[in-house]
Amino acid sequence: MNDAENRPDWALILAPMAIFLIGLFFIYSASRREGQMMDESLVFRQALWMMFSVAVVFFSTRFHYRWLLGAAWPMYAVVMILLVAVFFTPARLGAHRWIRIGFASLQPSEIAKIAVIVILAAVMREKQFGAYSQKRFLIPLALMAAPMVLILKEPDLGTSLLLVPVFMTMAVVAGMKKRWIVIFVLVAGLLSPILYSHLKNYQKQRILTFVNPGRDPLGAGYTIIQSRIAIGSGGLVGKGFLEGSQTQLRFLPERHTDFIFSVIGEEGGFAAAGAVIFLYWLIVHRGYRIARRSSNRFGKLLATGFTTLLATQTIVNISMTMGLLPVVGMPLFGVSYGGSSLLVGMFLIGLLVNIGMRRDPFL
Amino acid sequence: MIHLTMSLCFVVLAAHLFKMQVLDHAHYLAQSESNRIRPVILEAPRGLIYDRRGEELVTNRLNFDCYIIPAEAGEYLRDALVMLSGILGTPEAELRQVYEKRKDRSDRAVLLAEDITKERAIRIEEEASRISGVFVKTRPVRDYLLGPSAAHVIGYIGAIGSDEYRQMRDYGYILRDWVGRDGVERSYDSYLRGRHGASQFESDSRGRLLRVLSIREREQGHAVTLTIDARLQKELYKLLDGHRGAAAVMELENGGLLALASAPSYDPNIFVRPAENRKRIREVLSDRKRPLSDRAIGAEYPPGSTFKIVTSTAALASGSISGGTQFFCTGVFYIGNFKFPCWKHSGHGIQDVRDALAHSCNVFFYQAGLKSGVERLSRMARKFGLGEATDIDLPYEKDGLVPDAGWKKRVMHEKWYTGETAHLAIGQGFLLATPLQMLRAAAVVATGGKVLRPYVVSRIDRVEISPRKSRHFSVDEGTLALVREGLARAVGSDSGTGQNARVEGLKICGKTGTAQVARQEDHAWFVGYAPERDPKAAVVVFLENGGHGGGDGARIAGELFRSMKAKGYLDE
């Protein structure tokens, strides 16, 4: 093992920081109100979260990630308990997603994403996992499905569906045959009408509205139309910081959280929005490279799962703002306002760096 | 492979972004510049209400209001007012006064003139292009054609409250929506209200419509057809005029109400435009005669002698008395040392049950009641549908009260006294009933044991609403025949108490009632049905502090029967 192998992947650390700084400007723009003091604004709080996240990145590169192997089952058990417990908490905004602990509230589904990836990696890490029998993939499938159903029931459609591509990519790395992947996709396709019939009314509305935004000009359709106008009108270089009429005139709902990308598109134009997409791609590219180079199965699988998670979240959010996918509640990691998604995202980045720094075949 | 697929996804995103922002830039920029893309709510007109013969009872008409926006009128305010004064025929000074009074610090449009004629509205629109800031706004307004005559059946609508809005917005209600507040408007609100439409339109900076981006058409509410006959309803209201009370007419075939009125009444049209009618609304709300309350279903009274229908049925059916049982009325009856008087101080002499019903002899019923006992009386009363809401399809119905020993123990922690049974037997004491309940009780005798569920809505659009199945209990024919004969004599015989209800060529069965109330004049009651042999309709008349039931009560009932006969409702 040489020094070069132990060096952290700086591109992977700096890309999120750059994304974050860009995001900070636009959260300011999106949340700005006349005559507001700086310390009250969302920007200030977001910056505090960021400092905290940097500490998290630092911390998550310090220990050897193999420690996660031992934590896999306990972590999974705790997450399952929390996911059940969340139904016994009072609903907020019509959903059981949060558990209040003192002044802060915990969103178990955020932790569940990490716990599922770790347990899947732990179960499938054996060399030639699928070599003897492809049926063995049923075990990780079940381990993924249990929390997925619970999250779906919260209801949090976006987060629960995220687990599907995560499982698929990890299974491919673990040696699942292409035939089975095709079957998996087909079964998922066949199941989707059943899933649809179990959705909440507002979730159905969003899907129907996506198909035809004119259907509901006052509700979700309004958001889609306004978001597209915001992005499209940004042009090559944008309307300028604090100059976006869509953003400043508040045509755009949820502009500092789920629809922050539209603000970037409007005020920063293709230059800024394209740069953001590039930076995200860079993270994903580096993540998969670390997976490929990792010399043990556990690290390979972990890195694959983490990277897929980040990639899918990003693709879904950006597609949604451009009207390519239905509106699901999914923040844009690093940019959208909100502490917990930032913390979890930065933790994942830290773990990826960690895996990249330790390529010893410890198993 | 995974790496490549994901990277490809990012390329697609970037490509699409490029298409939107660079290739289609002009298209989106145009939308954003004119973006004044605003969602606009198109209010749905409520469904119309018809009577059973298809006559319109409630319609919507277009209301034109003239507004002026202070900021836009600006220095041309005077010109605008002069122009409007010319069209509206109101002196300019007066318009200015209205303007100054209604203008607030915000830049909201000021309502200058409400409900102007269509011709004037069109002229204003024509002139408005010359002077900015003036516009005419239309809105559909409820028009209650029967006014106060059917106010309690039809009800009225009112602006939604903010708490209500929070609860109901998921059901398609909007802020500043109107909801049914009483009557059919309330109980059938979900059918009548329709669905609001919405549109997104693009307008330029001056607010002119450029193009409609998307639209969801508004849908008018469903039309509702009532069982009410508007002609009979109007006559009934006129008959009640000057009284406090209620009256109703019910078809015996299914329980549909031909007319239902309560007096005093109010004009529901005042609630449609609360701004103009603030004073009248305040008067209605604070009137001590309570015109808003529906005395037919929403108020409880002692039923007095009309309850003797129940007492006689209970006593005969239980064998406590028979058709041949006679009591001697001296004008007073003693239980221990307590004196229970008959209304006729000189006494009725020898009475059997038919005589007693015809003459409304209290002394007979004290004894028939005591022989039956309180439990049999109260049980029979409940079988007749007293003590429970009739479940009519109108809001705010009262339950009434049928007392018995158990109830008294529970509520008053006292035992039941024999004298209270005597009071119950003549419909006094704790007993309470709504006029509609007494109407139904009369119908029980007419139909031979059917406890109908009264209703007022027969159709929604073209869908018939089937009347809910009525309850039925068995009374032997002998008992029924005796009670019916007693009721026929009350109207038909020359010594009967209900002679005032007589109608030429029609055999009417009825029972009067004079309910005593502490420190007030008596309430007058009349319940009855006709024709005697093949009953078609039942009637109740109740007059609060209206004296004895054989007077105005019977007279009004007679008028109703006469009118129904003329309209063919009583044809055998």
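Letters A, B, ... mirror the listed sequences (proteins, then strands); counts begin at 1. The analysis underlying the following values was restricted to heavy atoms, covering all of them including side chains, and did not include hydrogens, waters or symmetry mates.
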Inset, instruction - Using only heavy-atom distances, determine whether the side chains of B/D461 and B/Y191 contain a donor-acceptor pair under 3.5 Å. - result: no
Inset, instruction - On the 0 to 90° scale, with breaks at 30° and 60°, tag the B/H3-A/Y288 ring pair as parallel, tilted or perpendicular. - result: tilted
Inset, instruction - Give the minimum heavy-atom separation between B/R193 and B/S190, together with the two atoms involved. - result: CG-O, 3.9 Å
Inset, instruction - Against chain B, work out which of A/G265, A/G269, A/S319 has the most heavy-atom pairs shorter than 4.5 Å and name it. - result: A/G269
Inset, instruction - Name the member of A/G287, A/A291, A/G234 that forms the most heavy-atom pairs with chain B at distances under 4.5 Å. - result: A/G234
Legend entry - Side chain / backbone / both / neither for A/T307 at chain B, heavy atoms under 4.5 Å: neither
Inset, instruction - Tell me, for A/F278 versus chain B, whether the close heavy atoms (under 4.5 Å) come from the side chain, the backbone, both or neither. - result: neither
Inset, instruction - Look only at the side chain of B/E464 and the backbone of B/R459, and say whether a donor-acceptor pair between them is shorter than 3.5 Å. - result: no
